[in-house]
Amino acid sequence: MKTRLLALICLFSSFISLASVPFSEKKALVNLYYATDGEHWTIPWDLNAPVETWYGVKVSDEHVVSLNLHSNNLRGELPASISELTYLTELNLASNKLGGTIPRSIGELRDLRSLELFLNEFVGFLPVEIGNLDQLEFLSLYHNKFKGPIPSTFSKLENLEIIQLGRNHFSGYFPVQLCELKKLEHLSLHDNLFEGELPAEIAQLSNLEELIITNNKFSGYLPLSLNKLKHLTTLMLKKNSFTKDYHSFTDHMPKDYLSLEPGSVVTDY
């Protein structure tokens with residue numbers, strides 16, 4: 001009896017070791033490989049080896065759950081078939097040479113918690129479909145060539161804690177839709193083309209610890225409601241067009257940082 005049980009355990013273990021990810025997920029990875037000049041990656045994949053052994057690929061319960069190819073010399077564009085990796089919780093393609101636009105199909109990665117595409121050469125508008133990533137906690141797109149306004153659909157990203165959008169060509173007024181993200185702790189919009197006044201609704205970001213908006217075209221006075229951000233420890237706002245020369249701080253908000261400014265409005269949030 002013990003011998004039979006041991007044989008069954010060995011058979012089950014062998015089955016598990018031979019298990020593979022679904023064909024659709026493997027095909028999506030192969031598409032990515034060829035679309036981004038995989039043969040010249042710093043660490044290329046052996047496409048004849050099991051997917052689980054491929055550099056930067058993490059498999060759990062026979063599905064690809066993480067893809068981390070940071071600083072791996074990827075070139076080309078992100079293929080729309082990336083959407084086939086529907087179990088992804090982490091996608092990190094940062095510090096490569098990827099260009100083109102982000103495919104609209106990115107919005108189908110509904111389990112994604114972390115999306116890092118910083119330090120690439122992406123261009124164009126952000127797809128509104130990013131707003132479908134309602135599990136997203138960390139979004140880092142800084143140092144690309146994105147342009148235009150931040151999509152209004154960002155208001156649906158209720159789990160976001162960190163947003164890094166600096167060093168792009170984003171424009172328009174301060175994206176007030178971000179003020180609806182109650183879990184947001186770090187917001188970086190520096191080195192863009194944003195303009196106009198900061199909205200009083202910024203006080204709704206009750207968990208905000210860091211706000212970096214240096215080198216834009218923001219103007220007018222800071223809203224008095226900024227005083228309500230009790231967790232704010234870092235505020236960087238130099239190289240804008242504010243009416244007053246405000247001081248940045250990186251430790252904690254000075255007591256009575258803002259006094260009543262001409263034309264300012266006090267709003268409760």
Side-chain angles (χ1 to χ4, degrees), residues 21 25-49 51-59 64-86 88-109 112-130 133 136-151 154 160 162-171 186 188-194 212 214-216:
V21 302
E25 295 182 32
K26 182 174 182 179
K27 182 180 178 181
L29 291 174
V30 172
N31 284 347
L32 175 68
Y33 185 79
Y34 284 116
T36 58
D37 197 17
E39 293 183 355
H40 294 97
W41 287 1
T42 303
I43 304 178
W45 290 338
D46 178 357
L47 300 183
N48 295 314
V51 171
E52 300 92 307
T53 67
W54 295 359
Y55 174 75
V57 177
K58 181 179 179 180
V59 175
V64 179
V65 296
S66 177
L67 181 58
N68 188 340
L69 297 173
H70 181 282
S71 303
N72 202 40
N73 198 37
L74 277 67
R75 301 169 179 264
E77 299 186 10
L78 192 60
S81 56
I82 194 74
S83 62
E84 295 295 328
L85 301 175
T86 54
L88 272 187
T89 60
E90 176 191 17
L91 178 59
N92 186 345
L93 304 177
S95 297
N96 284 292
K97 298 177 182 178
L98 295 171
T101 58
I102 295 179
R104 296 175 61 181
S105 61
I106 196 81
E108 298 178 35
L109 302 178
L112 207 60
R113 295 178 182 272
S114 177
L115 177 59
E116 298 178 69
L117 302 177
F118 62 87
L119 284 169
N120 275 288
E121 299 172 4
F122 286 107
V123 300
F125 298 92
L126 294 182
V128 297
E129 288 79 6
I130 287 183
L133 306 178
L136 204 61
E137 299 173 358
F138 180 35
L139 176 63
S140 185
L141 305 177
Y142 73 84
H143 212 302
N144 279 283
K145 299 176 182 178
F146 294 116
K147 66 178 182 178
I150 305 303
F154 268 49
L160 267 178
I162 299 175
I163 302 179
Q164 298 175 336
L165 302 178
R167 296 204 174 192
N168 281 286
H169 304 299
F170 291 119
S171 59
H186 302 272
S188 176
L189 304 175
H190 66 89
D191 293 279
N192 278 291
L193 301 171
F194 292 112
I212 303 176
T214 41
N215 203 19
N216 278 283

With sequence neighbours left out, the residues meeting side chain to side chain contact (heavy atoms under 4.5 Å, CB included) with Phe125 are Lys147, Pro149
Considering all heavy atoms of both residues, which atom of Ala80 and which atom of Pro103 are nearest to each other, and what is their separation?
CA-CB, 3.9 Å
From the list Tyr55, Tyr34, Tyr33, ring pair (Phe, Tyr, Trp, His ring centres under 6.0 Å) partner of Trp41 resolves to Tyr33
Can you sort out the partners of Glu129 under salt bridge (Lys or Arg N to Asp or Glu O under 4.0 Å), two or more places apart, ordered by chain and number?
Arg104
At what distance, to the nearest 0.5 angstrom, does OG of Ser66 lie from CZ of Arg113?
12.5 Å
Within the 4.5 Å heavy-atom criterion, are Phe194 and Ser171 side-chain neighbours or not?
no
Start with the C-alpha distance between Tyr142 and Asp191, add both sets of side-chain angles, then the distance that settles side-chain contact (heavy atoms from CB on, under 4.5 Å), and finish with yes or no.
CA-CA 10 Å; Tyr142 73 84; Asp191 293 279; over 6 Å; no
Looking only at non-hydrogen atoms, find the nearest pair between Trp45 and Leu29 and report the distance.
CZ3-O, 3.3 Å
Taking all atoms of both residues into account, what is the closest heavy-atom pair of Asn216 and Leu189, and its distance?
ND2-O, 3.1 Å
Rounded to the nearest 0.5 Å, what's the gap from CG on Leu133 to CD on Glu108? Could you check?
10.5 Å
Is any side-chain heavy atom of Leu32 closer than 4.5 Å to one of Leu69?
yes
Between the side chain of Asn144 and the main-chain N/O of Asn168, is any donor-acceptor distance below 3.5 Å?
no
Taking side chain as C-beta onward, heavy atoms only, is Pro44 less than 4.5 Å from Glu39?
no
For Leu139, the side chain to side chain contact (heavy atoms under 4.5 Å, CB included) test, sequence neighbours excluded, returns Leu115, Leu136, Leu141, Phe154, Leu160
To the closest 0.5 Å, what do you measure between CD (Gln164) and NE2 (His186)?
9.0 Å
Applying side-chain hydrogen bond (donor to acceptor under 3.5 Å, both in side chains) as the test, list every pair that has at least one member in residues 71-83; sequence neighbours left out.
Asn31-Ser81
What pairs with Leu98 under side chain to side chain contact (heavy atoms under 4.5 Å, CB included), at least two apart in sequence or on another chain?
Thr36, Leu74, Leu93, Asn96, Asn120, Phe122
Do Pro151 and Ile130 come close enough that some side-chain heavy atom pair is under 4.5 Å?
no
Polar side-chain atom of Trp54 near backbone of Ala49 as donor-acceptor pair, under 3.5 Å:
yes
Could you tell me the separation between the CG atom of Leu91 and the CD atom of Glu116, rounded to the nearest 0.5 Å?
9.0 Å
I want to check something: taking the side chain as every heavy atom from C-beta on, are Ile82 and Ser105 in contact at a cut-off of under 4.5 Å?
yes
Taking Val65's backbone N and O only, do any of them form a donor-acceptor pair with Thr89's side chain (distance below 3.5 Å, no angle check)?
yes
Would you mind reporting whether Asn92 and Phe138 have side-chain heavy atoms less than 4.5 Å apart?
no
Name all residues meeting the side chain to side chain contact (heavy atoms under 4.5 Å, CB included) criterion together with His190; count only those two or more places apart in sequence or in a different chain, and write none if there are none.
Arg167, Ser188, Ile212, Thr214
Can you measure from CG (Leu117) to CD1 (Ile106) and round to the nearest 0.5 angstrom?
6.5 Å
Taking side chain as C-beta onward, heavy atoms only, is Phe146 less than 4.5 Å from Leu165?
no
Decide side-chain contact (heavy atoms from CB on, under 4.5 Å) for Asp46 and Thr53; before the verdict, give the C-alpha distance in whole Å, the side-chain angles of both, and the deciding distance to 0.1 Å.
CA-CA 8 Å; Asp46 178 357; Thr53 67; over 6 Å; no
